[in-house]
Amino acid sequence: MRGALKSRRSMGGWVWALPPVAGLALVFLYPLFLVVQQSFRPDSGGTSVQPYRDVFASEAFREALGTTVWLAAGSTAGCLVLGFALALVIAFVPFPGGKAVAKFIDVFLSFPSFLITLALLFVYGQVGMANGLWTDVTGAATGPFQFLSTPWGVLLAEITYFTPFVMRPLLAAFSQIDTAQLEVASSLGARPWRIVRQIVLPEALPALAAGGSLVLVMCLNEFGIVLFTGAKGVTTLPMLVYGKAILESDYPGACVVAVVNVLISVGLYGVYRAVSRRAGA
């Protein structure tokens, strides 16, 4: 009797699981399968690994891969440092409007990336407010702020946009720290940096790992920021997919780059999960 009930419950679980699994397969897995399939079909016809050979042998792919990696790594490092510092101030330094700033971070997470890039263009673009003020005051033909059209502009935009993704888990972790420990350490003469290093930082490491890994994966796949900054000579893997598919009509090559991008992202996520399990996060 119990065996029959367990069997029915098991069957009921499968029935309820089938609709979301079918929806996931239709919306995500099937298009991904088509991309992988197209990456093995050169324009000459048939099935071959020639598209992979052509892409891996091209200088454009190697440059795009290198640019993607260093931008993602640099943005992640910047977000970790800036996010940790800002989260410390918001969590442990009382100031008027601190709670409003913390709530704004939650709202900021819903902003599209191109909106932040447009804001930076309005301020530091070639015809932005900063350059306009400079030309008005000095009478020069152009302003000095031209970095947004360089890789450093992309780096600044990504750090600006993705830092709250590090701050959010950090603020949640800081809220769990017993402030009595900080007060006791301070009363015993410990300096602020020592308190941060010995008490706050160990508690924040899992949150830093979670936020940093999320930012790293998102930066690897970021398209809107690179496109809207209009940075010359900055081609990442997503931009290379766009160029091959839309501008060159090289669909097998675009699919090859997309597959590589997906594999890198999934691999990084697997590494993050392994590190999280070892850290007990």
For the [atom1] atom of [X] and the [atom2] atom of [Y], what is their distance to the nearest 0.5 Å?
X	Y	atom1	atom2	value
Asn221	Thr68	CG	OG1	9.0 Å
Leu121	Phe228	CG	CZ	9.0 Å
Leu247	Met239	CG	CE	8.5 Å
Leu263	Leu268	CG	CG	11.0 Å
Thr229	Leu155	OG1	CG	11.0 Å
Met167	Leu82	CE	CG	7.5 Å

When you measure from the side chain of [X] to the backbone of [Y], do you find a donor-acceptor pair of N or O atoms at a distance under 3.5 Å?
X	Y	answer
Thr135	Gly132	yes
Ser75	Glu158	no
Thr67	Ala64	no

Requested in this report: Could you note down all residue pairs passing side-chain hydrogen bond (donor to acceptor under 3.5 Å, both in side chains) where residues 53-64 supplies at least one of them, sequence neighbours left out?
Outcome: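 Residue pairs passing side-chain hydrogen bond (donor to acceptor under 3.5 Å, both in side chains), neighbours aside: Gln50-Asp54, Glu59-Arg62.
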Query raised in the report: Hydrophobic clusters join Ile, Leu, Val, Met, Phe, Trp and Tyr when side-chain heavy atoms are under 4.5 Å apart, directly or via other members; which others share one with Val137?
Result: Leu133
Those residues that, when tested against [X], pass ring pair (Phe, Tyr, Trp, His ring centres under 6.0 Å) (two or more places apart):
X	answer
Phe165	Tyr161, Phe162
Trp70	Trp152
Phe147	Tyr124
Phe122	none

Ignoring hydrogens, what is the shortest heavy-atom contact between [X] and [Y]? Give both atom names and the distance.
X	Y	result
Ala157	Leu120	CA-CD1, 3.6 Å
Gly212	Thr76	O-CG2, 3.5 Å
Leu216	Ala73	CD1-N, 4.2 Å
Ser39	Val259	OG-CG2, 4.2 Å
Ser113	Ile225	CB-CG1, 3.7 Å
Ala207	Ala173	CB-CB, 3.9 Å

Report task. Could you walk me through whether Leu227 and Thr117 pass side chain to side chain contact (heavy atoms under 4.5 Å, CB included), step by step? Result -> CA-CA 9 Å; Leu227 180 65; Thr117 308; over 6 Å; no
Within the structure provided, determine whether [X] and [Y] are in side-chain contact (heavy-atom separation under 4.5 Å).
X	Y	result
Leu80	Val215	no
Phe84	Val166	no
Glu203	Val200	no
Ser265	Asn261	yes
Val260	Phe61	yes

Query raised in the report: When hydrophobic residues are tied together by side-chain contacts of less than 4.5 Å, even through go-betweens, does Val89 share a cluster with Val81?
Result: no
Query raised in the report: If you group Ile, Leu, Val, Met, Phe, Trp and Tyr by side-chain heavy-atom gaps below 4.5 Å, do Tyr52 and Tyr251 land in one group?
Result: no
Query raised in the report: Would Ile264 and Leu237 count as a side chain to side chain contact (heavy atoms under 4.5 Å, CB included) if you check the C-alpha gap in whole Å, the side-chain angles of each, and the deciding distance to 0.1 Å?
Result: CA-CA 11 Å; Ile264 293 175; Leu237 291 180; 4.2 Å; yes
**Report entry** Candidate list Ile246, Val241, Leu240, test side chain to side chain contact (heavy atoms under 4.5 Å, CB included), partner Lys244, passing option
**Finding:**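 The residue from Ile246, Val241, Leu240 that satisfies side chain to side chain contact (heavy atoms under 4.5 Å, CB included) with Lys244 turns out to be Leu240.
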**Report entry** Parallel, tilted or perpendicular: rings of Phe174 and Phe92 (30°, 60°)
**Finding:** tilted
